There are 4 protein chains.
Amino acid sequence: MQAVPARRRIAANVKDAALVGERRDQIVEAAIAVFRDKGFAAATMRDVGLRAGLSQGTLYNYVRTKEDTLYLVCDRAVAHYVDQIARAVEGVADPRERLVRAVRAVVRAQYDHRHNIAIVLREAHLLDARSREALRRRVDVFIDDIVAIVGAGTTGGPRRRASARLLAEAVTYLPTVFAMRPWRVRAEGPPDKLVDAMVDILLAALRIEQPA
Amino acid sequence: MQAVPARRRIAANVKDAALVGERRDQIVEAAIAVFRDKGFAAATMRDVGLRAGLSQGTLYNYVRTKEDTLYLVCDRAVAHYVDQIARAVEGVADPRERLVRAVRAVVRAQYDHRHNIAIVLREAHLLDARSREALRRRVDVFIDDIVAIVGAGTTGGPRRRASARLLAEAVTYLPTVFAMRPWRVRAEGPPDKLVDAMVDILLAALRIEQPA
Amino acid sequence: MQAVPARRRIAANVKDAALVGERRDQIVEAAIAVFRDKGFAAATMRDVGLRAGLSQGTLYNYVRTKEDTLYLVCDRAVAHYVDQIARAVEGVADPRERLVRAVRAVVRAQYDHRHNIAIVLREAHLLDARSREALRRRVDVFIDDIVAIVGAGTTGGPRRRASARLLAEAVTYLPTVFAMRPWRVRAEGPPDKLVDAMVDILLAALRIEQPA
Amino acid sequence: MQAVPARRRIAANVKDAALVGERRDQIVEAAIAVFRDKGFAAATMRDVGLRAGLSQGTLYNYVRTKEDTLYLVCDRAVAHYVDQIARAVEGVADPRERLVRAVRAVVRAQYDHRHNIAIVLREAHLLDARSREALRRRVDVFIDDIVAIVGAGTTGGPRRRASARLLAEAVTYLPTVFAMRPWRVRAEGPPDKLVDAMVDILLAALRIEQPA
DNA sequence: AATGAATGAGACTTCATTCAT
DNA sequence: CATGAATGAAGTCTCATTCAT
């Protein structure tokens, strides 16, 4: 595992760090709801403020711009997502087992965070270059980990045309379908079954015979 | 193959149908470039007009609203995409062969139209309900076809947890990674190799042994 | 009777005078309908063209500006109105009889032309100063005639506080209620009864005992 | 006297009710000046803002649309007008006396508010149906009162052809000449004399011998 | 630290008018 | 003489951001 690249620091008008954390939680939660509903560009800071129960002025004590708000949302989504997966493979030594665990964790996390992830996928490209790069770097480091896990976990298997890199891309991208086609999620029955099925597809794609 | 649902008709101020077609081509092309760059909401109709070489007023002789413009872009993307795949399986009887051809066609089409598709994926949810439904219906009919092809093409293979529906979803969704992570496309070498690798992954996911 | 002030001449692109007359009739008729419906400012020249069955370009061969169109409408309304009254008193010598005839003619004409008159009352002030003055001069000359008729027709009657001028104003203004409160017109029963009643009110206002 | 129908409530972005009242006074006053000058449709909200000393943005904190502004103007005109007359007849029992007072009050109010009333007469029909109806209902209730007063006040007088309703219409409409032909107002000498003369005309129309 | 009114730049859209065919 | 596509100026309205209280 590589060192995790730093998050961009967002300045606040308010000193009290605990308060900043608390208020930003409110703001991010409100922003997710609002951005999901209307899209980032059509959402207004007034919407966010109302939803968060904060006045416009107060909002701007914790966030410098509307874009900052989007960054906070994306940053938090990425952090939770990466974290959840890191914990899943922690202490697992067997390469094959590590891979299976990682795949399952990715699918699960994508399911759990599908609302935030929809925003990241659709709106992150609106961020300014620096924020976008900061986010991408963190995702890339994470994908590099997956690449390594895939590489180690598939050694000795049948030859294939796809690089470990592209396979890792498949593993991390396919489950975003939960975020991008939510009506499909709703149509597929209980979450656990959906997650199982998706894991099954991905392991097949990796040509791993999973323990029946 | 089912009957294709009708497109929504967009009214124009200009009567000459040929001219409308020509101008709308200009407009759609310009809009794709602009929307890709800034996102739909941040793009201005002035941008579109400038890029298309049309004055603001002229633009609005061929499109009633900014949203119409987005609809035209999405509509055209879907039309080209669906069409390309329909042609690929035309006249192919053997179920297995049909499936392989369909998969390859999907991957290829997603690669070719990745710029338009990026817009559809990110911005289509901003359309009004009627337009959105019109589009979705056409994609759904197409996915139904893929479901049937997948069902027929995988009969007799190993049992799997995923429904034909979810497999079809995987086939049609995974290649959108070309649109959503373009930097990955650029990193993977020549297009043909990328397409081959992606097809390989999908056939493995379907547990089809492809002809070496 | 004084000399009638000249109308403003509106230039046309087309030479054939008869054609100009015919087309302008179409245009005026269409404009009345459209202006009544939406008001002058909200009406578009396209509306007028469509209603008149003329293309935009053709329209502008007979009218130089939108304002010209309004002027034509007002001009025609005033002309018909004034004319109708002039004919009613023509050749009537007895002052009292002249007055009664004039009052009845005014009321009748206001009833008949109430649609056009609504436009004149509401929109004429939007004309440029020159057109407005040209119209007002013609109406003033007409009102002067009424003043004279009122003066002659009420001689020897009871003293009153109102000048002949103000009485003439009442005679010519009160019936515009037909144009400005059309729902009242509709509520008052058959036109003839309404006209009779209005005449009755005006003669009473003039303190003339009308021949029962 | 009947219950006065409710005004339409116009929403504001600003919470402080006192401030809303104050700013709207500014806005209405400015709007009257501007609308009178150019007509509602040709007037711009920039004009109104400049005249009111408010920025465009601020303006729209107190008014949601340009039409709202027109409604506020009309609403205020009607309110003042109706109120002024109600106060004039308050506590007057004798029917004849009530009628004379009412007539004088109508004339006076129409004179005082002639600027606003010009706008109501010319532009109110541009309001959306709901606003228009809200206004008309309030005026109709007022006219009903006048009808009752006229009916009671003329009992036992000479028979006439006009209904009490039409007489009431005359009483309330004729004085709008002050608004619609302002040059006449200016030509008729001091206001008091003009008001007296108009009252005289109306009482004659009602065939009431006024106390010399 | 919180509030919310004020600001003004800028977007979409309309439409009178022109002019090549 | 008729047509109708092109033009671009201008208007309404929104909203991120600021700042006095």
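In the text below, chain A, chain B and the rest are named by the order of the sequence lines, each starting its count at 1. Just so it is clear, the structure is predicted and the values come from calculations on it, not from any experiment.
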Interatomic distance, [X] [atom1] vs [N] [atom2] [rounded to whole Å]:
X      : N       : atom1 : atom2 : result
Q56(A) : dT14(F) : CD    : P     : 14 Å
M45(C) : dT3(F)  : CE    : P     : 15 Å
Y60(A) : dC15(F) : OH    : C1'   : 9 Å
L50(D) : dT7(E)  : CG    : P     : 12 Å
Y62(A) : dT3(E)  : OH    : P     : 9 Å
N13(B) : dT13(E) : CG    : P     : 13 Å
L59(A) : dC15(F) : CG    : C1'   : 13 Å
D16(D) : dA20(F) : CG    : P     : 19 Å

**Report entry** Residue closer to the 5' end of DNA chain F, V14(C) versus T65(A) (nearest nucleotide)
**Finding:** V14(C)
Query raised in the report: Considering heavy-atom distances to DNA chain F, does A41(A) or L19(C) have its closest nucleotide positioned more toward the 5' end?
Result: L19(C)
Requested in this report: Look through every strand shown and name the nucleotide pairing with dT3(E) as Watson-Crick or G-U wobble, where both distances are under 3.5 Å.
Outcome: dA20(F)
Taking only the side-chain nitrogens and oxygens of [X], find out if one of them lies under 4.0 Å from OP1 or OP2 of [N].
X      : N      : value
R23(A) : dA2(E) : yes
S55(A) : dT3(E) : yes
T58(D) : dT7(E) : yes

Query raised in the report: Hey, are T58(B) and N61(B) close enough side-chain-wise for a donor-acceptor pair under 3.5 Å?
Result: no
Query raised in the report: How is T44(C) classified with respect to the nucleic acid when contacts are heavy atoms under 4.0 Å: base, sugar-phosphate, or nothing?
Result: sugar-phosphate
Report task. Tell me what A43(C) touches on the nucleic acid: a base, only sugar-phosphate, or nothing, going by heavy atoms under 4.0 Å. Result -> sugar-phosphate
Query raised in the report: Counting side-chain heavy atoms from C-beta on, which of dT3(F), dA2(E), dT13(E) comes nearest to N61(C)?
Result: dT3(F)
Query raised in the report: Any idea which of dC1(F), dC13(F), dA5(F) is nearest the K15(C) side chain?
Result: dC1(F)
Report task. Supply the atom-to-atom distance R51(B) CZ to L59(B) CG, rounded to the nearest 0.5 angstrom. Result -> 14.0 Å
Query raised in the report: Does K66(D) reach the side chain of T44(D), with side-chain heavy atoms less than 4.5 Å apart?
Result: no
Query - Salt bridge K38(A)-D47(A), side-chain N to carboxylate O under 4.0 Å - result: yes
Query - A42(C) or R46(B), whichever maps to the more 5' nucleotide of DNA chain E - result: R46(B)
Report summary line: Heavy-atom nearest nucleotide on DNA chain E taken for F40(B) and for G57(D); more 5' hit belongs to G57(D)
Query - For V20(A) against V14(A), the heavy-atom pair lying closest together - result: CG2-O, 3.6 Å
